[in-house]
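Data block below; observations after.
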Amino acid sequence: MIDTRTRRSFFTWARNLAGMGGAAALAFPAAAGSAAKETVETGEDYYEKLGVAKIINAAGTYTTLTASTMPPSVRAAVARAAKHPVRLLELQKAAGEYLAKRLQCEAAMVTAGAASALTLGTAGCLTVANNIPTREIPTAMGGLKNEVVVQKAHRYEYDHALLNCGIRFVEVETMEEYQSAFTPRTAMAHFFNAAEEGRIGREDWIRVAHQHGVPCFNDAAADVPPISNLWNYTKMGFDLVTFSGGKGIRGPQNAGLLLGRKDLIAAAAENNSPFSNTVGRGMKVAKEQIVGMVAAVDWFLSQSDEGMEAEFRGRADRITARLKNIPSLEAKIFVPPVANHIPHLLLHYDQSRVRIAPHEVAQQLRHGSPSIELNPATGTKEASAGLPAAGNTIVVGVWMLEPGEDRIVADRLHEVLSKASKPSA
Ligand SMILES: *Cc1c(COP(=O)(O)O)cnc(C)c1O
């Protein structure tokens, strides 16, 4: 395996030395010539400088793996935006109006991720329901409308984003419980779009909440593609919908979308940076990320579901073809139903013939060069993110691979699996 890190640092070193023309240039870096200028413009490789490993992401849009990379058009827009100061409120407003038009909803705002959109959207609902100054959230909620109705099966690892606003969850399971859960203190109804359980569907959820004049929030953070989901849920009647900006849409990792009703988005914005005494002041989105989010939406809308699906299946097929002589290996494509709704490659084999457990394969790929991360469902007993429990299976998330990386993943899998294969007698 070629160590690209070492090779690249050698080239950078050699090029800088050539451009500097010897020791005199070292003492006077301002005169260092074209190579140094190029480094200023293309940027120094700070991952290399900091000794941080670059990985091949065969996992998916996982936050701890920095989720996604921005396509070239988005990176260019971010770099360009970085060159000029603007008026932040003017940029926020213009970006929101542009996004609302493109995503066919009443209003939109760029947030610091979907989790931040959950906090700001909830704060918006509380501000409107109670007609209070934003500084009162979350500490002065006593005696005010602060109840959020939710299905028990929709309680999840992002609850805290809502609780940050001083709300109290009211859990329901049946339709009957839901209908009688509304009180004079109800401020919002919350829905987790990719929940695998829960008896009340989206349309019923909206209808009942609206009968009580209560706004409905849908967390659809990881639920594109299909591209049309960006407008499906607001059109269905959800008053607020969020998508993560740094997952399938491939914007900056610290960006997200809050879409929905004009008055609620306006109230959410009042609770956001740059307004200082608010729950959202720490959720600042810089001009680069605002522009990056808008550019990523433009990029994503220029794609097609069929095109993305064909590309991801192509990657999975190339990996499968490379592994065709691994004994007993069976390859399958699995598409999770809602979140991460794209083809994943599942590889199953007989461990008496290929003597290595899937989690050990993941370890070896992680510690190899280049370092590869397989999907964390590999070799686990727990289903997650829409993927089935995969105790005896290798799961390759192909959608966040860069062009050409499927070949590197295929070669490494082939290397590790063939080494562990029992030679045929
Ligand atoms: C990823 C995710 C979030 C958080 O998104 P960020 O953009 O990382 O803040 C919230 N809710 C769900 C369901 C998610 O999958």
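Both counts, for ligands and for their atoms, begin at 1 and track the order of listing. Note that the structure is predicted; figures quoted are calculated from it, not measured.
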* Asked: Would the number of heavy atoms belonging to other residues, nucleotides or ligands and lying under 6.0 Å from CZ of Arg135 be above 12?
  ->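 Atom CZ in Arg135 is not packed in, count stays at 12 or less.
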* Under 4.0 Å between a Lys/Arg side-chain N and an Asp/Glu carboxylate O for Arg313 and Glu309? ->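 A salt bridge links Arg313 with Glu309.
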* Asked: Salt-bridged, Arg407 to Asp411, with N to O below 4.0 Å?
  ->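 Judged by the 4.0 Å cut-off on N to carboxylate O distance, Arg407 and Asp411 do form a salt bridge.
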* To do: Report the residue from Arg318, Arg315, Arg322 that forms a side-chain hydrogen bond (donor to acceptor under 3.5 Å, both in side chains) with Asp406.
  =>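 Among the candidates, only Arg318 passes.
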Can you tell me which residue and heavy atom of the protein come closest to [atom], and the distance to 0.1 Å?
| atom | value |
| --- | --- |
| atom 2 (C) of ligand 1 | Lys247 NZ, 2.5 Å |
| atom 9 (O) of ligand 1 | Ala115 N, 2.9 Å |
| atom 11 (N) of ligand 1 | Asp219 OD2, 2.7 Å |
| atom 6 (P) of ligand 1 | Ala114 N, 3.3 Å |
| atom 7 (O) of ligand 1 | Ser244 OG, 2.6 Å |

* To do: Kindly compute the distance separating CG (Leu347) from OG1 (Thr393), expressed to the nearest 0.5 Å.
  =>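 Answer rounded to 0.5 Å: 8.5 Å.
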* Asked: Is any side-chain heavy atom of Val78 closer than 4.5 Å to a side-chain heavy atom of Met70?
  ->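 Touching, per the 4.5 Å side-chain cut-off.
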* Asked: salt bridge (Lys or Arg N to Asp or Glu O under 4.0 Å) between Glu90 and Lys93: does it pass, once the steps are laid out?
  -> CA-CA 5 Å; Glu90 182 188 349; Lys93 183 166 176 285; over 6 Å; no
* If you measure from each non-hydrogen atom of Gln253 to ligand 1, which part falls under 4.0 Å: side chain, backbone, both or neither? ->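 Answer for Gln253: neither.
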Give the numbers and elements of all ligand 1 atoms closer than 4.0 Å to a heavy atom of [X].
| X | answer |
| --- | --- |
| Gly113 | 7 (O), 9 (O) |
| Phe192 | 13 (C) |
| Ala222 | 15 (O) |

* Any N/O of Tyr158 closer than 3.5 Å to an N/O of ligand 1? ->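 Among all N and O atoms of Tyr158, none is under 3.5 Å from an N or O of ligand 1.
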